[in-house]
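Structure, as structure tokens:
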Amino acid sequence: MRINVDLALCQNYGQCVFAAPDVFDLDDAGELVHQASADESARADVEAAAMACPVQAITIEG
Amino acid sequence: MSTPPARRIVVVGGSLGGLRVTEALLAGGWDGEVVVLSDEPHVPYTRPPLSKAALADGPDLATLAFKQRPEAARATWRFGSRAVAADLAARTVTLADGGTLAYDGLVAATGVRARRLPAHIDRTSGAGHVVRTIEDCRALHAELRPGARVVVIGAGFIGCEVAATATGLGCHVTVVAVDESPMLVPLGRAVGDAVRARHERAGVAFRLGVPVASVSGTRGAYSVALSDGTVVDGDVLVQCVGSAPCAEWLEGNGLDLTDGVATDNHLRLGSNAGAVAVGDVARFPNPLFDDVPRRIEHWQTPLETARRAAATLLADLAGAGADPAPFTPLPSFWSDQYDLRLQSFGVPGIADRTEILEGDLDDQAVVGYLRDDRLVGAVLLGLPRRAAAVRKQLLATLSDPAATYAA
């Protein structure tokens, strides 16, 4: 599955990092970084991250 | 021969908790009907921006509306529909229009409403703003013009965020509150004073520790009289005096409704099989802390309680056993005020003392909240990059009574 984050919306709240720490992280400046894609095994975590995002910046394709 | 009527779950409340529990029920295999009763006129939307970016820019429902899982479309959404009573024994809900709806399963997702000052203090007949709905936000946004004198009553999170947003829009803001520092009850004095200093640097005036005696006037000319005899005048009045859970409709069922609705750890109302609560209205015990049921009005609560409550309800309606694992969500929230991001984990409000774990309150810091020398919460002022690690450490400490905090 591909993971898209609308960085224009993202406010670096980090809720996705708590839900799916293997896929999302905050860099040293506190800005979101993320994997472009993830294995099917991570789907539940990534879906939880997308739902947890306060600004709904995360979309999942595939 | 006729087919039996479909079994029905009624979800009372159509905001985030109602949406997420509906999705979880349908994704979890419920093949009967789900009817969602929402007393708002439109689809569920995200509320945290209503005191921050959406208040600054003007709210837009299309932007704020939640993306919904495809399952949610299989539910029947009744907007502008309010439940006024429920009979858990007869399994019926009574609507404001007098109709009744029978159910097999019930979800209480009615959340909270904004409180207002009592009528003997507020002599404006309910004038002035509150901030809870998108309509509230739109109405307040329209009045936050540069140079407007804004009086915010209440120094909790919403009051502080409204003060910061209004200041950013060029308003002259005075915050009036009975507490002696902002966010005193949830976060304590040290963090409250540190946040107050940032507000004051931005130009906000505070009148703290003095109760409001009366509020009078009309739009453009309000007077807030304090109990020490002083008066604060303003063009715009905002009441940020907390929220009240919407649980009155559950009266008459022998439930504990002293603050929201008391549930067991499975989120059943009392211990009634077939009826659960989610979100801000649910007062549930969390073994991560103790056996005291608490309401948690935070962003993640609707999502986490929705998953738990849906699983409980589906198991109860199938006559199966509910998940024996304890429900132990870690409460967390954030607040944006100016360039400061506050992030909180755990339940700082139950602590008996605080300790600076990292940094400096005048700049960026991690503050530990301890009860009986045990860490029960952590708050970050700034330091966003540290949030994940602090949260993980707190969880480890709470899960293991022998563990100690190590940054």
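Quick note on labels: first sequence line is chain A, next is B, and so on, each numbered from 1.
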(message) Can you give me the closest heavy-atom contact between A:Gly30 and B:Pro384, atom names plus distance?
(response)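 Looking at all heavy atoms of both residues, the shortest contact is CA-CG, 4.4 Å.
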
(request) Check A:Ala52 against B:Trp299 and note the closest heavy-atom contact, atom names and distance. (result)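 So the two residues come closest at O-NE1, 2.7 Å.
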
Top of [options] for chain A proximity - count of heavy-atom pairs under 4.5 angstrom:
options	result
B:Thr46, B:Leu303, B:Leu64, B:Leu383	B:Leu303
B:Arg47, B:Arg20, B:Arg307	B:Arg20
B:Gln300, B:Arg341, B:Glu23	B:Arg341

(message) Surrounding CG of A:Asp39 (heavy atoms of other residues, nucleotides or ligands, distance under 6.0 Å), is the total greater than 12?
(response)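 Not buried by this count: 12 neighbours or fewer within 6.0 Å.
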
(message) If you count every heavy atom of other residues, nucleotides or ligands that lies below 6.0 Å from A:Arg43 atom CZ, does the total exceed 12?
(response)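 Yes, enclosed.
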
(message) Under 4.5 Å from any heavy atom of chain B, what part of A:Ile58 do you find: side chain, backbone, both or neither?
(response)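 For A:Ile58, the contact with chain B is made by the backbone alone.
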
(request) Counting only heavy atoms closer than 4.5 Å, note whether A:Ala19 contacts chain B via side chain, backbone, both or neither. (result)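 The answer is neither part of A:Ala19.
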
(message) Between B:Trp334 and A:Gln15, is there a side-chain heavy-atom distance shorter than 4.5 Å?
(response)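 A side-chain contact under 4.5 Å exists here.
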
(request) Please assess A:Thr59 against B:Lys67 for the test side chain to side chain contact (heavy atoms under 4.5 Å, CB included), listing each intermediate value before the final yes or no. (result) CA-CA 10 Å; A:Thr59 48; B:Lys67 289 176 192 163; 3.2 Å; yes

(message) Tell me if the aromatic rings of B:Phe333 and A:Tyr13 count as close, with their centers under 6.0 Å from one another.
(response)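 Not close enough - the centres of the two rings lie 6.0 Å or further apart.
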
(message) Check this for me, if you would: do A:Asp27 and B:Arg385 make a salt bridge, where the nitrogen-to-carboxylate-oxygen distance has to be below 4.0 angstrom?
(response)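 Answer for the salt bridge query: no.
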
(request) Examine whether an atom of B:Ala65 lies under 4.5 Å from a heavy atom of chain A, and if so say whether it belongs to the side chain, the backbone or both; otherwise answer neither. (result)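 Just its backbone gets close to chain A.
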
(request) Examine whether an atom of B:Leu330 lies under 4.5 Å from a heavy atom of chain A, and if so say whether it belongs to the side chain, the backbone or both; otherwise answer neither. (result)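 Neither part; nothing is under 4.5 Å.
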
(request) Go through the steps for B:Arg69 and A:Glu47 under the test side chain to side chain contact (heavy atoms under 4.5 Å, CB included), then give the verdict. (result) CA-CA 10 Å; B:Arg69 291 180 66 137; A:Glu47 285 182 350; 3.9 Å; yes

(message) Set out, in order, the CA-CA distance, both residues' side-chain angles and the distance that settles side chain to side chain contact (heavy atoms under 4.5 Å, CB included) for B:Thr63 and A:Gln56, then state yes or no.
(response) CA-CA 9 Å; B:Thr63 310; A:Gln56 305 190 84; over 6 Å; no

